[in-house]
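First up is the structure itself, then whatever we jot down about it.
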There are 2 protein chains.
Amino acid sequence: MSSVRAIAKSLDLSAATVSRVLNNRPDVDEDTRRRVLDMVNRVGYFPKVGARQTDVVGLAYPDEPVQTEYGSFEPALQSGIMRGLDERQYDLKFVSIHRDKDPEETYTQLFMRKGLRGVILRCFRNDHAMIQKIAREQFPMIVVAEHFDDPSVSFVRSDSYDSSRRAMEHLLLLGHRQIALAIHNVADSDHADRRRAYADSLHVAGLSVQPGLIFENPASFSAGERVVDGIVAMRERPTAVYATNPMTALGIMRRAQQLGLLIPRDLSLVGMDDSDVRSHVWPRMSAVCQDASSLGYEAASSLMQVLTDGRRHAVRKLLPTTFEVNGTTAPPASSAMGGATSGDGSVEMARKTRADAKAKRGRKSIEKA
Amino acid sequence: MSSVRAIAKSLDLSAATVSRVLNNRPDVDEDTRRRVLDMVNRVGYFPKVGARQTDVVGLAYPDEPVQTEYGSFEPALQSGIMRGLDERQYDLKFVSIHRDKDPEETYTQLFMRKGLRGVILRCFRNDHAMIQKIAREQFPMIVVAEHFDDPSVSFVRSDSYDSSRRAMEHLLLLGHRQIALAIHNVADSDHADRRRAYADSLHVAGLSVQPGLIFENPASFSAGERVVDGIVAMRERPTAVYATNPMTALGIMRRAQQLGLLIPRDLSLVGMDDSDVRSHVWPRMSAVCQDASSLGYEAASSLMQVLTDGRRHAVRKLLPTTFEVNGTTAPPASSAMGGATSGDGSVEMARKTRADAKAKRGRKSIEKA
DNA sequence: TCATGTGCCGGAACAGTTGCAGATTTTCCC
DNA sequence: GGGAAAATCTGCAACTGTTCCGGCACATGA
């Protein structure tokens with residue numbers, strides 16, 4: 001439909017100049033460059049090779065492409081994206097924005113140069129300014145695992161508020177009153193949700209948020225270790241902790257074990273899980289679970305809907321999370337001796353059966369792989 | 001240099017026909033198809049878009065692209081590949097051979113269609129026939145983490161024989177005489193190495209391989225659980241086990257903990273690690289460690305050497321692994337009471353200092369991320 | 001024998017890119 | 001200020017690969 005030569009003609013230029021703009025070559029006037037880019041966005045141009053259009057989407061990371069520290073989130077996400085791309089036979093290409101982008105060029109130019117029709121953005125810390133700029137350039141995109149208030153930004157993410165509420169209610173019902181929160185120290189939206197759920201739950205239960213019980217750290221394994229150290233050093237120890245990311249939760253379990261702090265007898269733990277890690281520790285971890293694979297799948301298929309059906313309005317999709325009760329939560333040590341013995345029994349039963357069911361399912365899926 | 005039209009001319013054909021062959025279009029004679037493909041391989045043709053050559057390499061998986069069950073190996077590998085590709089600004093594209101390949105077309109055709117200059121092959125089970133076919137087609141390629149006897153196949157892999165020997169010697173030195181082996185049940189070369197090291201070490205120590213002590217299972221978490229179940233059910237239990245892959249090792253640790261079997265007191269364990277998982281469990285796991293990130297880096301840079309310098313002969317590179325003594329290995333329970341108390345003490349010391357050093361390094365690298 | 005169909009291929013027109021040359025403007029020096 | 005040199009900017013033409021359409025040759029059937 002719209003070719004380089006067509007755009008050139010409509011602007012009274014040569015195809016060569018338009019091509020130069022698209023590839024961010026030097027030696028083109030700033031004014032004509034802007035005019036060309038405007039037109040490119042207006043007509044929704046995308047490059048074709050020969051006469052065949054190229055069906056490639058990018059998975060873009062702001063900095064380093066793959067962070068191993070994020071545990072199994074990235075592989076699961078990628079797997080889901082590939083599943084989503086399958087249906088229409090799109091290809092996937094890695095892009096590191098930080099490395100490949102020329103400071104002088106726009107994001108549209110960068111993505112065009114890479115031959116991309118659209119891009120799935122993995123947005124980490126505070127890349128919001130960049131993301132919004134990309135959205136404003138109208139390049140087909142979708143952000144995965146992050147929330148934006150800006151209505152022009154498309155995103156798919158998990159809604160962990162509800163599950164976090166249920167996790168907290170579970171702890172409260174078991175009798176915990178001193179509940180710590182181990183949370184990421186940079187404010188992405190997922191963690192904001194979880195913090196809000198923590199505060200709301202306490203509020204509804206008539207309790208107040210104690211700043212001393214909130215541990216803000218990077219989302220890392222060692223952060224979990226530090227949380228345990230902090231708890232142990234306290235005069236009035238909390239009896240439970242909600243760790244809002246998987247690595248921190250694992251760090252907590254390991255350090256507790258190292259120090260002889262028994263989970264769940266001495267400390268109850270609700271963690272977070274992106275895949276199957278919760279059943280790879282003992283006791284099996286009670287956790288808020290998000291499905292990173294589905295996240296990738298939804299992002300990919302939403303993006304392709306934009307590309308093929310040409311829908312213009314932003315996509316904002318929330319995927320549910322689940323709260324799974326397993327072996328790291330129990331009544332606090334003091335109240336275990338107290339009144340609610342029958343209640344404990346029933347909780348114990350419910351937990352056990354659910355855990356067993358999970359175990360079976362988990363094993364089956366593993367052996368299939 | 002060599003274009004579609006040039007090839008066409010040398011064969012007395014039209015550019016259209018050559019293009020049809022490269023894209024596996026129907027309506028082209030079987031004989032001319034073969035002639036074109038021969039010529040394409042001979043002159044080392046690769047597609048350019050416009051007049052500019054495309055700098056893209058593929059990361060090809062035979063079946064499903066990313067297996068989350070493989071733990072942190074895949075992300076680490078990808079990260080290394082991206083590092084290797086950085087230097088010459090190549091791009092990386094995902095390819096699932098099983099999904100995208102037309103049964104009628106050659107592998108060269110497939111990769112050409114995807115616009116790839118070369119391909120890094122992640123070869124899982126018994127894909128050797130496919131790999132050899134690709135190598136025979138002369139398409140620039142390199143296999144990662146797998147060995148081939150065929151001298152025409154390039155590969156980069158870790159050599160785990162030496163470290164496995166050292167691991168076994170460590171166990172033998174501690175006094176273990178009944179050592180079990182938990183190994184992958186399909187014969188890839190890595191696991192063949194480890195099995196050979198196991199047998200050789202026993203032989204040198206004057207012991208014989210007992211078939212009852214070898215557990216062959218898929219490389220999965222649940223396999224590790226089954227190994228522990230098997231050991232517990234035995235009349236004469238082994239006092240140590242060498243698990244040749246990370247997930248199985250983790251499964252062993254978890255199941256042991258679940259059953260109240262104390263590691264290393266009741267059972268010593270040497271595991272395997274692709275990244276940092278060994279320090280995410282307690283006790284920290286003694287393990288044979290391979291560096292998946294370096295593996296990816298070496299594969300990528302070797303491939304680019306082939307692409308740019310045009311070297312023809314196959315690359316066969318072995319990366320060393322290390323054996324790290326940590327907290328899951330100790331003298332067997334019986335001999336601990338016996339004579340070698342001083343020896344135990346020194347081993348205990350050595351282990352402790354090395355573990356601490358590792359802990360510091362580990363923490364630092366985590367906080368940098 | 002003639003009509004129709006099928007397999008196979010080439011020409012032309014399309015896609016995007018780049019080298020070279022020309023045109024215009026700016027800079028600089030006397 | 002005038003003129004020369006340099007820098008900037010743009011277009012033409014020639015190059016990539018791909019697809020559509022038409023034509024040739026051969027086979028098949030009535």
Side-chain angles (χ1 to χ4, degrees), chain A residues 1-37 39-41 43-56 89 91 93 102 104-105 108-117, chain B residues 1-37 39-41 43-56 89 91 93 102 104-105 108-117:
Chain A
M1 189 62 77
S2 64
S3 69
V4 167
R5 281 177 175 82
I7 292 174
K9 193 161 198 175
S10 74
L11 292 172
D12 205 28
L13 289 166
S14 73
T17 303
V18 175
S19 176
R20 272 189 278 260
V21 170
L22 257 31
N23 290 286
N24 207 42
R25 285 268 124 77
D27 290 353
V28 51
D29 187 62
E30 197 50 48
D31 187 51
T32 52
R33 159 172 275 128
R34 200 169 17 245
R35 276 169 56 218
V36 169
L37 285 175
M39 181 60 77
V40 162
N41 280 331
V43 299
Y45 166 84
F46 57 86
K48 313 146 197 72
V49 51
R52 185 179 61 178
Q53 68 189 35
T54 57
D55 290 343
V56 183
Q89 299 278 93
D91 283 342
K93 205 171 181 180
D102 188 304
E104 300 300 317
E105 72 185 340
T108 302
Q109 282 177 300
L110 167 64
F111 297 141
M112 290 269 176
R113 246 187 31 218
K114 298 276 172 197
L116 306 178
R117 296 275 315 267
Chain B
M1 191 65 76
S2 65
S3 69
V4 168
R5 280 178 177 81
I7 292 174
K9 194 160 194 174
S10 74
L11 293 173
D12 205 28
L13 289 167
S14 73
T17 303
V18 175
S19 177
R20 270 190 280 260
V21 170
L22 289 174
N23 290 286
N24 207 43
R25 287 267 123 80
D27 288 355
V28 51
D29 186 64
E30 198 49 48
D31 187 53
T32 52
R33 159 171 274 128
R34 201 172 14 247
R35 276 169 56 219
V36 169
L37 285 175
M39 182 59 77
V40 162
N41 279 331
V43 301
Y45 167 84
F46 57 87
K48 311 146 197 70
V49 49
R52 185 178 62 176
Q53 69 188 36
T54 58
D55 290 342
V56 183
Q89 298 278 94
D91 282 342
K93 204 171 179 179
D102 187 303
E104 300 300 317
E105 73 185 340
T108 302
Q109 284 177 299
L110 167 65
F111 298 140
M112 290 270 175
R113 249 187 30 220
K114 299 277 173 198
L116 306 179
R117 294 276 313 269

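Here is how names work: the chains are called A, B, and so on, in the same order as the sequence lines, proteins then strands, and each is numbered from 1.
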task = Can you see which heavy atom on B:A8 is nearest to which on B:A15, and at what distance?
result = CB-N, 3.6 Å
task = Measure from the side-chain N and O atoms of A:K93 to the backbone N and O of A:V56, and report whether any donor-acceptor pair falls under 3.5 Å.
result = no
remark   = Between the CD1 atom in A:I7 and the OG1 atom in A:T17, the distance rounded to the nearest 0.5 Å is 12.5 Å
inquiry  = Measure CD/A:E30 against P/D:dC9 and give the value in whole Å, please.
reply    = 9 Å
Find every protein N or O atom lying less than 3.5 Å from an N or O atom of nucleotides 10-12 of chain C, and list the pairs.
{"residue": "C:dG10", "atom": "OP2", "partner": "B:S14", "partner atom": "N", "Å": "3.0"}
{"residue": "C:dG10", "atom": "OP2", "partner": "B:S14", "partner atom": "OG", "Å": "3.0"}
{"residue": "C:dG10", "atom": "OP2", "partner": "B:T17", "partner atom": "OG1", "Å": "2.9"}
{"residue": "C:dG10", "atom": "N7", "partner": "B:R20", "partner atom": "NH2", "Å": "2.9"}
{"residue": "C:dG10", "atom": "O6", "partner": "B:R20", "partner atom": "NH1", "Å": "3.2"}
{"residue": "C:dG10", "atom": "O6", "partner": "B:R20", "partner atom": "NH2", "Å": "3.4"}

key: For atom CG of A:D27 and atom C1' of C:dC20, their distance in whole Å   = 13 Å
query = C:dG16 phosphate, OP1 or OP2: any side-chain N/O from A:Y45 under 4.0 angstrom?
reply = yes
Side-chain N,O (A:T32) to OP1/OP2 (D:dT10) below 4.0 Å = yes
Identify all pairs in which a protein N or O lies below 3.5 Å from an N or O of nucleotides 21-25 of chain C, and state each distance.
none

key: Side-chain donor or acceptor of B:R35 paired with backbone N/O of B:L11 under 3.5 Å   = yes
ask   = Rounding to a whole Å, what distance do you find between A:K9:NZ and C:dA15:C1'?
value = 16 Å
request  = Look at the side-chain N and O atoms of B:S19 and state whether any lies under 4.0 Å from the OP1 or OP2 oxygen of D:dG17.
outcome  = no
task = Find out whether A:L22 and A:S19 are in side-chain contact, i.e. whether some heavy atom of one side chain is under 4.5 Å from a heavy atom of the other.
result = no
query = Atom CG of A:D31 to atom P of D:dC9: distance rounded to whole Å?
reply = 11 Å
request  = Figure out the CG/P separation between B:D29 and C:dC8, and round it to whole Å.
outcome  = 5 Å
ask   = Applying the side-chain contact (heavy atoms from CB on, under 4.5 Å) test to A:R34, which of A:T32, A:D31, A:V36 qualifies?
value = A:D31
query = With A:V21, which of A:L37, A:D29, A:V40 fulfils side-chain contact (heavy atoms from CB on, under 4.5 Å)?
reply = A:L37
task = Write down the distance between CD1 (A:I7) and P (C:dC14), rounded to a whole number of angstrom.
result = 17 Å
ask   = What is the distance from atom CG of B:L116 to atom OG1 of B:T108, rounded to the nearest 0.5 Å?
value = 11.0 Å
